[in-house]
2 protein chains.
Amino acid sequence: MSVIFSKKCEYGLQAILYLASKKDKQYFSAKEIASDLKIPKEFVSKILQSLVANGIIGSKKGKNGGFYLAKKPNKIKLIDIVEAIDGLDVFKSCVLGFPNCSSDVPCPVHSEWGKLRNMAYEMLSSQTIDRFVEKTLKKLSKL
Amino acid sequence: MSVIFSKKCEYGLQAILYLASKKDKQYFSAKEIASDLKIPKEFVSKILQSLVANGIIGSKKGKNGGFYLAKKPNKIKLIDIVEAIDGLDVFKSCVLGFPNCSSDVPCPVHSEWGKLRNMAYEMLSSQTIDRFVEKTLKKLSKL
DNA sequence: GCAAAACCAGATAATTTAGTCTGAATTAAA
DNA sequence: TTTAATTCAGACTAAATTATCTGGTTTTGC
């Protein structure tokens, strides 16, 4: 096995993109998010709760309540969601799992991997989710 | 949590680089590999066994036995080890965990992520482990 | 031949991640 | 005011990963 992001993070990203791509209503319940994205309701529900705690989304309790983006889509970077859920350790720690990996005491593949890692970080930091609305709608229509 | 490679794969890569960087003896036991790399002996032992099964390294049983590279270092690519242990799914499956992610039915970040993924694959496929011998020796001396 | 050192195979245990369940609090609508 | 739909908190279960243990087999050196 090997993953870039945890399932939590994957589902979190999906859910945020989902919210960003919706305009028709104000609140979207965990139930309909889960059902539209075809992911486990109880699980995504927990993830959404943690994103509320992180201030990326907001929630409204009670009937007809649900979740909504707390910021404008063009103010939410992909990395914000990753950071909120998985943290930024992947972008800091050693690919090979060597302890103490740094430019002073680099692991064997340090310089090669470092470039890739920086590019990934750069991409996730520069792209805001408004950029993905259209593509999300297309993908959603085919789930 | 989020990882690029599993612990198995990290330790496997470390162990292979270790073997590649050694010239003084023919066989290296799981015990000394684990002790030098400061990783769990029983665990790395299991990983080495699976790499033997994959033909990347060989082993010799009995007293003074141990493991050795089955090929020349310049014939072993980083990706070979990753493939043997974790498989190549990370380079094929969707970052966001969307099912059916392809250029026909792409996930929202498909094109952005695809580039990075290809570069990572490209790097791991082009680099052979002989390239890392010196750096490995340096790192080992500081563990 | 025998003991020690090693790999090997399979079972087991511990930890982490993924996912589910229950019940309470909140809100809107009937 | 009652009911249904919701978030939320926390406990719980399941599955995967990581790690350890036990015993067997092979090989070398004494």
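Letters A, B, ... are given to chains in the order of the sequence lines, protein chains preceding strands, and every chain is numbered from 1. Worth knowing before you read on, the calculation uses all heavy atoms, side chains too, and leaves out hydrogens, waters and symmetry mates.
- The pair A/Glu32-A/Lys22 does not meet the salt-bridge criterion, since no charged nitrogen lies less than 4.0 angstrom from a carboxylate oxygen.
- Centroid-to-centroid, the aromatic rings of B/Tyr27 and B/Tyr68 come within less than 6.0 Å.
- Checking B/Val52 against A/Lys8, the closest nucleotide of DNA chain C that is more toward the 5' end is the one next to B/Val52.
- With hydrogens and angles left out, the side chain of A/Lys46 and the base of D/dG10 share a donor-acceptor pair within 3.5 Å.
- Counting atom types as modelled, B/Lys61 pairs no side-chain N or O with a base atom of D/dG24 as donor and acceptor under 3.5 Å.
- No hydrogens or angles considered: a donor-acceptor pair under 3.5 Å links the side chains of A/Thr128 and A/Asp130.
- Residue contacts shown for A/Ser6 are limited to sugar-phosphate atoms, with no base heavy atom under 4.0 Å away.
- Between the CD atom of A/Glu32 and the P atom of D/dT6 there is a distance of 7 Å, given to the nearest Å.
- Note: CD1 (B/Ile33) to P (C/dA6) measures 11 Å, nearest angstrom.
- Nearest-nucleotide mapping onto DNA chain D: of B/Pro40 and A/Ser29, the residue sitting toward the 5' end is A/Ser29.
- Protein atom CG of B/Leu51 is 14 Å distant from nucleotide atom C1' of C/dC7, rounded to whole Å.
- Between the C1' atom of C/dT26 and the CZ atom of A/Phe67 lies a distance of 13 Å, rounded to the nearest Å.
- Look at B/Asn64 and you won't find any side-chain N or O under 4.0 angstrom from OP1 or OP2 of D/dT27.
- Contact of the A/Phe28 side chain with the A/Leu69 side chain is not registered, since no non-hydrogen atoms from C-beta on lie closer than 4.5 Å.
- Regarding A/Gln26, its CD atom lies at a distance of 15 Å from the P atom of D/dT6, rounded to whole Å.
- We find that CD of A/Gln49 is positioned 17 Å from P of C/dG23, with the value rounded to whole Å.
- Following rounding to the nearest Å, B/Tyr27 (OH) and D/dT26 (P) show an atom-to-atom distance of 17 Å.
- At the phosphate of C/dA6, neither OP1 nor OP2 sits under 4.0 Å from any side-chain N or O atom of B/Ser59.
- Remark on DNA chain D: of its neighbouring residues A/Ala30 and A/Ser2, the 5'-side contact belongs to A/Ala30, judged by nearest-heavy-atom nucleotide.
- Put simply, the side chain of A/Phe98 does not reach to within 4.5 Å of the side chain of A/His110, judged on heavy atoms.
- Atom CD in A/Glu42 sits roughly 15 Å away from atom C1' in D/dA14 (whole-Å rounding).
- B/Lys60 has a side-chain polar atom (N or O) that falls below the 4.0 Å cut-off from OP1 or OP2 of D/dT28.
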